Amino acid sequence: MNTKTGTIKKVSGPLVEASGMENAKLYDVVKVSDKRLVGEIIELHGDVASIQVYEDTAGLMPGDPVSTTGMPLSVELGPGLLGSIYDGVQRPLPGIAESSNSPFIERGVEVPALDRGKKWQFKSVVSSGDIVSPGDPLGEVQETDLFKHQIMIPPGIFGKVEKIESGSFTVTEPIAVVGGKEISMMQVWPIREPRPVKEKLVSVEPLISGQRVIDAFFPVAKGGTACVPGPFGSGKTVVQHQLAKWSDADIIVFIGCGERGNEMTDVLLEFPELKDPKTGRPLMERTILIANTSNMPVAAREASVYTGITIAEYFRDMGYNVALMADSTSRWAEALREMSGRLEEMPGEEGYPAYLGSRTASFYERAGYVRCLGTEDRTGSLTVIGAVSPPGGDLSEPVTQNTLRVVKVFWGLEAQLAYRRHFPAINWLNSYSLYLDEIGKFMVQNAGDDWRDVRIKAMEILQEESKLQEIVRLVGIEALSEKEQLTLETAKSIREDFLQQNAFDDVDTYSSVRKMYLLLKAIITMHRLSEGALDKGVNLKEIPTDLKEKIARAKFVPEEKLGELEELIKNMSNGFNFKN
């Protein structure tokens with residue numbers, strides 16, 4: 001509801017200055033002009049407010065009215081979020097399309113984020129007279145065939161349940177009275193304020209992605225942070241699509257932040273058609289898409305990442321494991337740079353605002369493995385994975401460097417690998433993960449007892465290959481000893497038979513932790529047996545090649561036939577049979 005009115009003083013692109021705003025507050029949402037364009041106050045000087053407008057400001061003139069709502073930019077949280085497609089300020093794109101005759105978003109359109117007319121079947125889990133506190137579930141709604149939506153007590157409300165009933169309700173109808181306050185199934189939460197938790201915990205479980213190079217060498221913990229920087233065409237979007245499809249998160253929030261429209265179109269067209277590999281149900285039933293592409297107003301990019309992470313926090317608070325993909329945070333930083341320039345702030349490195357580092361940190365620190373609010377012991381996690389698009393692949397630029405300071409996993413994509421059709425094109429020499437110690441016990445329990453040794457040996461071989469390749473370029477492979485030539489052969493096997501993965505092959509697109517271990521174990525076992533044979537005087541060319549061929553085909557063994565890989569390793573461990 002509008003409370004105070006001012007007038008436009010100056011228009012500069014998405015930035016509008018308005019006078020007569022002495023009673024407004026920083027970050028208030030305002031409606032600009034008679035078209036009621038959505039804006040947010042980002043700076044106040046006396047009665048003059050600088051407003052970031054999230055829609056096209058063409059045609060606005062000095063003297064046009066500006067009215068403040070007195071509320072911060074917020075999102076609506078409740079049943080109906082799953083499967084939705086929103087823009088950067090949580091306007092539902094399908095709902096806008098139905099109410100408009102144009103293929104474009106009309107200015108000033110107002111469509112609620114959650115359907116006000118749809119009724120949901122609410123089943124209470126508490127009774128009148130019970131004492132509840134923030135985070136406690138009042139009941140649940142079967143939002144999809146597989147997903148139960150917990151209706152929780154909002155933060156700040158506690159006391160005795162004076163009235164509650166099960167039945168069919170819309171998201172705005174009261175379902176209970178607690179401590180004298182009516183509660184509906186919908187919560188409204190400001191996007192720039194993190195949702196509260198009891199405690200942040202140390203995660204000891206990885207987010208299993210099904211991508212061998214990630215899960216084996218550079219894993220991210222549930223509740224962790226990762227960044228995927230790389231030049232154009234190196235596969236950032238493909239990596240995020242694979243994570244969205246195959247990771248063992250309960251809920252996926254995918255933010256298309258300023259990327260090209262055709263990339264987001266692929267997501268919008270493909271995700272509704274994809275089946276969740278774990279359940280067979282449509283992938284959209286556990287996905288929320290936020291589409292704010294490069295042809296949409298630049299200012300809305302800045303809001304889109306906060307909109308997405310607030311929705312993700314809401315599902316985390318129910319005790320679910322949530323994964324958020326932001327593609328790409330570089331576009332978000334460019335929006336910050338443009339608004340900072342229009343505010344005439346003192347620029348930092350390469351024109352980005354001096355507060356770029358703190359804004360980046362405040363975004364990623366909202367990830368975490370947490371103990372949720374509520375009387376029962378409930379944990380949830382929010383994993384944040386951000387793509388970064390440095391110009392020309394220059395990782396020294398400010399957005400990449402500020403991101404690397406706060407995230408714990410770096411998946412460095414390399415254009416040369418992508419050009420060689422090696423996907424995922426993650427460079428195994430300069431990427432890293434700081435979660436290896438925390439999740440080590442999980443991997444030993446779920447992969448194999450000697451997992452650490454196998455992984456370390458594989459990395460040593462890849463690093464040794466890098467050094468030997470320099471010698472080969474100078475004097476040729478003949479200058480190497482047979483053991484060094486064996487190292488090159490094994491490294492090639494690791495690269496082509498283990499790290500390289502075909503996203504379009506039904507079997508190879510995903511590897512369980514156990515299959516990943518068996519594949520790498522087979523390669524390392526072959527290497528160690530070959531080393532032993534060389535020590536006994538066997539010529540490198542005499543080592544059997546049939547096992548190498550079996551290892552090369554092993555990644556196409558289905559998950560239900562992993563016994564074949566175990567048998568292969570067992571037979572290899574018995575030694576080679578050399579012909580006389």
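Treat the numbers as computed from the prediction; the structure is a model and nothing was measured. What's counted below: heavy atoms across the whole structure, side chains too, no hydrogens, waters or symmetry copies.
A donor-acceptor pair under 3.5 Å links the side-chain atoms of Q142 to the main chain of T144, judged by distance alone. A side-chain donor-acceptor contact under 3.5 Å links E397 to the backbone of T400. Under a 3.5 Å cut-off, the side chain of S84 and the backbone N or O of G80 do form a donor-acceptor pair. When atom types are taken as modelled, the side chain of K10 and the backbone of V16 share no donor-acceptor pair closer than 3.5 angstrom. With hydrogens and angles disregarded, no donor-acceptor distance shorter than 3.5 Å links the side chain of S203 to the backbone of G223.
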inquiry  = Apply salt bridge (charged side-chain N to carboxylate O under 4.0 Å, His left out) to residues K236 and D327 and explain how you reach the verdict.
reply    = CA-CA 8 Å; K236 295 185 295 295; D327 187 15; over 6 Å; no
task = Decide yes or no on side-chain contact (heavy atoms from CB on, under 4.5 Å) for T225 and T383, but give the supporting numbers first.
result = CA-CA 6 Å; T225 53; T383 309; over 6 Å; no
task = Please lay out, stage by stage, how K35 and D64 fare under the test salt bridge (charged side-chain N to carboxylate O under 4.0 Å, His left out).
result = CA-CA 10 Å; K35 295 185 181 294; D64 284 349; over 6 Å; no
Audit row: Q90, T307, side-chain hydrogen bond (donor to acceptor under 3.5 Å, both in side chains) steps and yes/no = CA-CA 7 Å; Q90 212 201 8; T307 297; over 6 Å; no
key: Steps toward side-chain contact (heavy atoms from CB on, under 4.5 Å) verdict (L73, Y27)   = CA-CA 7 Å; L73 188 62; Y27 297 123; over 6 Å; no
request  = Report the C-alpha distance between V399 and W332 in whole Å, list the side-chain angles of each, state the deciding distance to 0.1 Å, and finish with yes or no for side-chain contact (heavy atoms from CB on, under 4.5 Å).
outcome  = CA-CA 10 Å; V399 181; W332 165 68; over 6 Å; no
task = Quick one: do E173 and K119 satisfy salt bridge (charged side-chain N to carboxylate O under 4.0 Å, His left out)? Show the steps, please.
result = CA-CA 10 Å; E173 291 175 340; K119 287 187 176 289; 3.4 Å; yes
task = Under the side-chain contact (heavy atoms from CB on, under 4.5 Å) rule, what do D115 and V171 come out as? Steps first, then yes or no, please.
result = CA-CA 8 Å; D115 190 339; V171 292; over 6 Å; no
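Side-chain atoms of R331 and S389, non-hydrogen and from C-beta on, do get closer than 4.5 Å to each other. Between Q242 and Q240, the closest side-chain pair of non-hydrogen atoms is not below 4.5 Å. No side-chain heavy atom of F254 sits less than 4.5 Å from a side-chain heavy atom of I288. With a 4.5 Å cut-off on side-chain heavy atoms, I251 and L82 count as touching. Between W189 and S74, every side-chain heavy-atom pair lies at or beyond the 4.5 Å cut-off. Counting only heavy atoms from C-beta outward, the side chains of I151 and P79 approach each other to under 4.5 Å. At least one side-chain heavy atom of P155 sits less than 4.5 Å from a side-chain heavy atom of Q187. In this structure, the side chains of D136 and L138 stay at 4.5 Å or more apart for every pair of heavy atoms.
Tested against M325, the residues I255, I252, V384 include a single side-chain contact (heavy atoms from CB on, under 4.5 Å) partner, I252. Among T7, V66, I8, the single residue meeting the side-chain contact (heavy atoms from CB on, under 4.5 Å) criterion with S19 is T7.
Under the side-chain hydrogen bond (donor to acceptor under 3.5 Å, both in side chains) criterion, R107 pairs with no residue at all, not counting sequence neighbours. The salt bridge (charged side-chain N to carboxylate O under 4.0 Å, His left out) search around R195 returns D317, not counting sequence neighbours. With sequence neighbours left out, the salt bridge (charged side-chain N to carboxylate O under 4.0 Å, His left out) criterion links E55 to R91. For S304, the side-chain hydrogen bond (donor to acceptor under 3.5 Å, both in side chains) test picks out no residue, with sequence neighbours left out.
For the residue pair D87 and N292, the shortest heavy atom distance occurs at C-OD1, 4.4 Å. For the residue pair I290 and G88, the shortest heavy atom distance occurs at CG2-CA, 4.2 Å. The nearest pair of heavy atoms linking M185 to V141 is SD-CG2, 3.6 Å. Of all non-hydrogen atoms in A24 and I41, the two that sit nearest each other are CB-CD1, 3.6 Å. Pairing each heavy atom of R366 with each of I309, the nearest pair is CZ-CG2, 3.5 Å. Nearest heavy atoms, P112 versus R116: CB-NH1, 3.5 Å.
One finds a salt bridge joining E376 and R378 here, because a Lys/Arg side-chain nitrogen approaches an Asp/Glu carboxylate oxygen to under 4.0 Å. A salt bridge does not link R286 with D250: every distance from a Lys NZ or Arg NE/NH1/NH2 to an Asp or Glu carboxylate oxygen is 4.0 Å or more. Contact check on K148 versus E143 returns no salt bridge, with no Lys/Arg side-chain nitrogen under 4.0 Å from an Asp/Glu carboxylate oxygen. Looking at E302 and R192, a side-chain N of the basic residue comes within less than 4.0 Å of a carboxylate O on the acidic one, giving a salt bridge.
Expressed to the nearest 0.5 Å, how far OG1 of T310 lies from CD of E76 amounts to 13.0 Å. To the nearest 0.5 Å, atoms CZ (R316) and CD1 (I311) are separated by 13.5 Å. Annotation: the span from T375 atom OG1 to I153 atom CD1 amounts to 10.0 Å, rounded to 0.5 Å. Here CG of L382 is found 6.5 Å from CG of L324. Values are rounded to the nearest 0.5 Å. Between the CD atom of E334 and the SG atom of C257 there is a distance of 9.0 Å, given to the nearest 0.5 Å. Between L289 atom CG and I85 atom CD1 the span is 5.5 Å, to the nearest 0.5 Å.
No donor-acceptor contact under 3.5 angstrom links the side chains of S209 and S247, judged on distance only. Looking at S50 and E17, their side chains never bring a donor and an acceptor atom within 3.5 Å of each other. N321 and S381 are linked by a side-chain donor-acceptor pair at a separation below 3.5 angstrom, with hydrogens and angles left out of the test. Side-chain contact check for R371 and T379: no donor-acceptor pair (N or O, by modelled atom type) lies under 3.5 Å.
The environment of CD in E199 is crowded: more than 12 heavy-atom neighbours from other residues, nucleotides or ligands sit within 6.0 Å. The neighbour count for K181 NZ, taken as heavy atoms of other residues, nucleotides or ligands under 6.0 Å away, does not exceed 12. Few gaps surround OH on Y355; more than 12 heavy atoms of other groups in view lie less than 6.0 Å from it.
Annotation: side chain to side chain donor-acceptor pair (under 3.5 Å) contacts involving residues 121-131, sequence neighbours excluded, comprise S124-S166. Screening residues 129-178 for ring-ring contact (aromatic ring centres under 6.0 Å, His included), with sequence neighbours left out, gives F147-F315, F147-Y320, H149-Y314, H149-F315.
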